Amino acid sequence: MIKKVDHIGIAVKSIEEARKFYEEVLGLKVTGIEEVKEQKVKTAFIPVGDSEIELLESTSEDGPVAKFIEKRGEGIHHIALQVDDIEKALEELKGKGVKLIDEVPRYGAGGAKIAFVHPKNANGVLLELCERD
Ligand SMILES: C[C@@H](C(=O)O)C(=O)SCCNC(=O)CCNC(=O)[C@H](O)C(C)(C)COP(=O)(O)OP(=O)(O)OC[C@H]1O[C@@H](n2cnc3c(N)ncnc32)[C@H](O)[C@@H]1OP(=O)(O)O
Ligand SMILES: [Co+2]
């Protein structure tokens, strides 16, 4: 059901500031910046081999990324696992008693279908499932 690590989400105060480390020091490239209004974030995707790093900057004081930074500071916010059929994956997890934040997929960056699993289920790690064409 799970294909690979799609991306690792990192909460940052400023994409413009944070991207300098990834580009100028690590030599990686930001390939796209996109606002996802529903999640109250601006995202920057940085491919690394077959996976990506997603820098997340909040666009609102009450968004999940702003709240995370306020409580814990900048850092790893979530791990996204790519699945080939997100509805089926959600059904399966629900059947196993997993607490889902999203029972129905939403749309994330790049038009992917995404859904979050509560960190209480995964040893304190917020998991995102995502399906993309
Ligand atoms: C654009 C898209 C894409 O990839 O395409 C994205 O990634 S959007 C990425 C941004 N979107 C999201 O994160 C949406 C899903 N997230 C959420 O619904 C929320 O942030 C929750 C994860 C449910 C947390 O919200 P809530 O209001 O409950 O916050 P809270 O501060 O009261 O936290 C409740 C408990 O969860 C923990 N907690 C909160 N955020 C966490 C995180 N990112 N990783 C691990 N643990 C986390 C807190 O420490 C706390 O633990 P204790 O109880 O032990 O103190
Ligand atoms: Co993400």
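We count ligands from 1, going down the list as the structure has it; atoms in each ligand are counted the same way. Everything numeric here is computed off the predicted structure, so don't read it as measured data.
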Task: Atom pair NZ (Lys67) and OG (Ser60), whose distance is rounded to the nearest 0.5 Å - done: 10.0 Å
List, one per line, each side-chain donor-acceptor pair under 3.5 Å for residues 122-131, sequence neighbours excluded.
{"from": "Glu128", "atom 1": "OE1", "to": "His7", "atom 2": "NE2", "distance (Å)": "3.1"}
{"from": "Glu128", "atom 1": "OE1", "to": "His78", "atom 2": "NE2", "distance (Å)": "2.8"}
{"from": "Glu131", "atom 1": "OE1", "to": "Ile86", "atom 2": "N", "distance (Å)": "2.8"}

- [ ] Starting from atom 2 (C) of ligand 1, find the nearest protein heavy-atom neighbour and note its residue, name and distance.
- [x] Glu54 OE2, 3.6 Å
Open item on the list: Looking at atom 43 (N) of ligand 1, tell me if a protein heavy atom falls under 4.0 Å from it.
Closed with: yes
TODO: Can you figure out which of Arg132, Glu128, Lys71, Lys67 has its heavy atom closest to atom 32 (O) of ligand 1?
DONE: Lys71
TODO: Using atom types as modelled and distance alone, determine if a side-chain donor or acceptor of Asp102 lies under 3.5 Å from a backbone N or O of Phe116.
DONE: yes
Task: Of the listed options Val65, Ile101, Asp62, closest to atom 21 (C) of ligand 1 (non-hydrogen atoms) - done: Ile101
Open item on the list: Within this structure, what is the CG-CG distance for the pair Asp6 and Leu81, rounded to the nearest 0.5 Å?
Closed with: 8.5 Å
TODO: Could you tell me whether atom 12 (C) of ligand 1 has at least one protein heavy atom nearer than 4.0 Å?
DONE: yes
TODO: Could you tell me the residue and atom name of the protein heavy atom closest to atom 45 (C) of ligand 1, and the distance to it rounded to 0.1 Å?
DONE: Gly124 O, 3.1 Å
TODO: Could you give me the CA-CA distance, side-chain angles and deciding distance for Val5 and Gln82, then say whether side-chain contact (heavy atoms from CB on, under 4.5 Å) is met?
DONE: CA-CA 6 Å; Val5 173; Gln82 194 179 118; over 6 Å; no
- [ ] Kindly compute the distance separating CD1 (Ile69) from NZ (Lys13), expressed to the nearest 0.5 Å.
- [x] 7.0 Å
- [ ] State whether the number of non-hydrogen atoms from other residues, nucleotides or ligands found under 6.0 Å of Ile76 atom CD1 is greater than 12.
- [x] no
Task: Identity and separation of the nearest protein heavy atom to atom 47 (C) of ligand 1 - done: Arg72 NH2, 3.5 Å
TODO: Taking atom 37 (C) of ligand 1 as the reference point, report whether a protein heavy atom occurs under 4.0 Å from it.
DONE: yes
Task: Residue, atom name and distance, where the atom is the protein heavy atom closest to atom 19 (C) of ligand 1 - done: Pro64 CB, 4.5 Å
Task: Close side-chain approach of Val117 to Val98, heavy-atom, < 4.5 Å - done: yes
Task: Contacting atoms of ligand 1, where contact means under 4.0 angstrom from a heavy atom of Ile114 - done: 2 (C)
Open item on the list: Is atom 4 (O) of ligand 1 near the protein, in the sense that some protein heavy atom lies at less than 4.0 Å from it?
Closed with: yes
TODO: For Gly108, counting its heavy atoms only, list the atoms of ligand 1 lying under 4.0 Å from any of them.
DONE: 5 (O)
TODO: Nearest 0.5 Å please: distance from the CD atom of Glu54 over to the CD1 atom of Ile10.
DONE: 9.5 Å
TODO: Scan residues 24-34 for pairs that pass salt bridge (charged side-chain N to carboxylate O under 4.0 Å, His left out), counting only residues two or more places apart or in two chains.
DONE: none
Open item on the list: I'd like to know whether NZ of Lys4 has more than 12 heavy-atom contacts from other residues, nucleotides or ligands below 6.0 angstrom.
Closed with: yes
- [ ] Enter the distance from Leu55:CG to Arg19:CZ here, rounded to the nearest 0.5 Å.
- [x] 9.0 Å
TODO: Determine, using heavy atoms of Ala80 and all atoms of ligand 1, whether some pair is separated by less than 4.0 Å.
DONE: no
- [ ] Give the residue, atom name and distance (to 0.1 Å) of the protein heavy atom nearest atom 28 (O) of ligand 1.
- [x] His118 NE2, 4.9 Å
TODO: Of the side chain and backbone of Ala109, name the one, both, or neither that has a heavy atom under 4.0 Å from an atom of ligand 1.
DONE: both
Open item on the list: Quick test: of every protein heavy atom, which one is nearest to atom 52 (P) of ligand 1, and how far off is it to 0.1 Å?
Closed with: Lys120 NZ, 3.5 Å
Task: Heavy-atom protein neighbour under 4.0 angstrom from atom 50 (C) of ligand 1 - done: no
TODO: Enumerate the protein N/O/S atoms at a distance below 2.8 Å from the Co ion (ligand 2), ignoring waters.
DONE: His7 NE2, Glu54 OE1, His78 NE2, Glu128 OE1
TODO: Specify whether the nearest protein heavy atom to atom 8 (S) of ligand 1 is under 4.0 angstrom away.
DONE: yes
TODO: State whether the side chain of Glu57 and the backbone N or O of Ala11 hold a donor-acceptor pair below 3.5 Å, judged by distance alone.
DONE: no
Open item on the list: For atom 14 (C) of ligand 1, which of the options Gln39, His78, His7 provides the nearest non-hydrogen atom?
Closed with: Gln39
TODO: State the CG-NZ distance between Asn121 and Lys99, to the nearest 0.5 angstrom.
DONE: 8.0 Å
Open item on the list: Checking a contact table here: which protein heavy atom is nearest atom 41 (C) of ligand 1, and how many Å away?
Closed with: Phe68 CD1, 4.0 Å
Open item on the list: Can you check atom 55 (O) of ligand 1: any protein non-hydrogen atom closer than 4.0 Å?
Closed with: no
TODO: Apply side-chain contact (heavy atoms from CB on, under 4.5 Å) to Ala66 and list each qualifying residue two or more places apart in sequence or on a separate chain.
DONE: Ser58
TODO: For Thr43 and Ala109, indicate whether the former's side chain and the latter's backbone hold a donor-acceptor pair under 3.5 Å.
DONE: no
